[in-house]
Amino acid sequence: GENVEQHPSTLSVQEGDSAVIKCTYSDSASNYFPWYKQELGKGPQLIIDIRSNVGEKKDQRIAVTLNKTAKHFSLHITETQPEDSAVYFCAASGGVYNQGGKLIFGQGTELSVKP
Amino acid sequence: EAGVTQFPSHSVIEKGQTVTLRCDPISGHDNLYWYRRVMGKEIKFLLHFVKESKQDESGMPNNRFLAERTGGTYSTLKVQPAELEDSGVYFCASSLISGPTLSKPYGYTFGSGTRLTVV
């Protein structure tokens, strides 16, 4: 079945620095890649997503890139702030094994932004 | 607009007992999904309802887990009997559409989860 690998598992940066989280997926038919932010005591919140017909997407300080050939996608956060501290999950959907809205998640990255 | 609501937020039960988790999706969302995160690992898919029908239950770990969605509104997930390895956070999500399309927003919304601890 589909597998999504996410790295790193933990990431600590200084406020103002950039943070990059990387994911790889196994099902080449996957065509939708969302990123979720989970804060303590809350459910995952969609922060940005990208579809397979797009290579890059930006939303203010957040950007996502997709390399379909290599089956890689990455989350980039610039000018990090303490409120960016959370667990971030990548996910994939739309492939052979993840039809019907089923999301396959990566293992999560715990991001800590130090003031 | 009210979000996805899950009850209870926390539950601590003894091994062998029964627990029932509830999810109230966003009104009008026909698609309802259950996921769980065990011991800091990835969030794993359990099953998917379209209205009251089970569309995909390939992620249900075993027959100790029973999900229902009578009337196509709220859903319950029962674990009977609970085992230690069932501990984790159980998330529910709902959406308007059931599959990714290139022209519509996905509409996926998660609840805050139920933290289940089996001791």
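In this text the structure is predicted, and so the values were computed from the model without any measurement. In what follows, every chain begins at residue 1, and chains take the letters A, B, ... in the order their sequences are listed.
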Has [X] got more than 12 heavy atoms of other residues, nucleotides or ligands less than 6.0 Å from its [atom1]?
X: B:Leu84; atom1: CG; result: yes
X: B:Arg115; atom1: CZ; result: no
X: B:Lys54; atom1: NZ; result: yes

Please determine, among A:Gly108, A:Ser9, A:Gly106, the option with the most heavy-atom pairs under 4.5 Å with chain B.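 Going by pairs under 4.5 Å, I would pick A:Gly106.
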Please report the closest heavy-atom contact between B:Ser112 and A:Gly41, naming both atoms and the distance.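 Distance-wise, the nearest heavy atoms are CB-O, 3.9 Å.
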B:Phe110 versus A:Pro44, closest heavy-atom pair with distance: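 Minimum heavy-atom separation between B:Phe110 and A:Pro44: CB-O, 3.5 Å.
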Would you say that [X] contacts [Y] through its side chain, given a criterion of any heavy-atom pair below 4.5 Å between the two side chains?
X: A:Val4; Y: B:Glu42; value: no
X: B:Tyr108; Y: A:Pro34; value: no
X: B:Tyr35; Y: A:Leu103; value: yes

Report which part of B:Ser58 has an atom under 4.5 Å of a heavy atom belonging to chain A: side chain, backbone, both, or neither.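 Answer is side chain: those atoms of B:Ser58 sit under 4.5 Å from chain A.
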Pull out the residues in residues 66-74 of chain B that come under 4.5 Å of chain A, heavy atom to heavy atom, sorted by number.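 None at all.
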Engaged part of A:Gln38 at the chain B interface, taking heavy atoms whose separation is under 4.5 Å: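 It is the side chain, since no backbone atom gets that close.
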When rounded to the nearest 0.5 angstrom, what is the spacing between CG in B:Leu46 and NZ in A:Lys102?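 Spacing of CG (B:Leu46) from NZ (A:Lys102) equals 10.5 Å.
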Are B:Val89 and B:Val38 linked, directly or through intermediate hydrophobic residues, by side-chain heavy-atom contacts shorter than 4.5 Å (ILVMFWY only)?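 No, it is not one cluster - the side chains of B:Val38 and B:Val89 are not joined through contacts under 4.5 Å.
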Taking non-hydrogen atoms and a cut-off under 4.5 angstrom, which of residues 77-91 of chain A neighbour chain B?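 The list, in residue order, reads A:Val87, A:Phe89.
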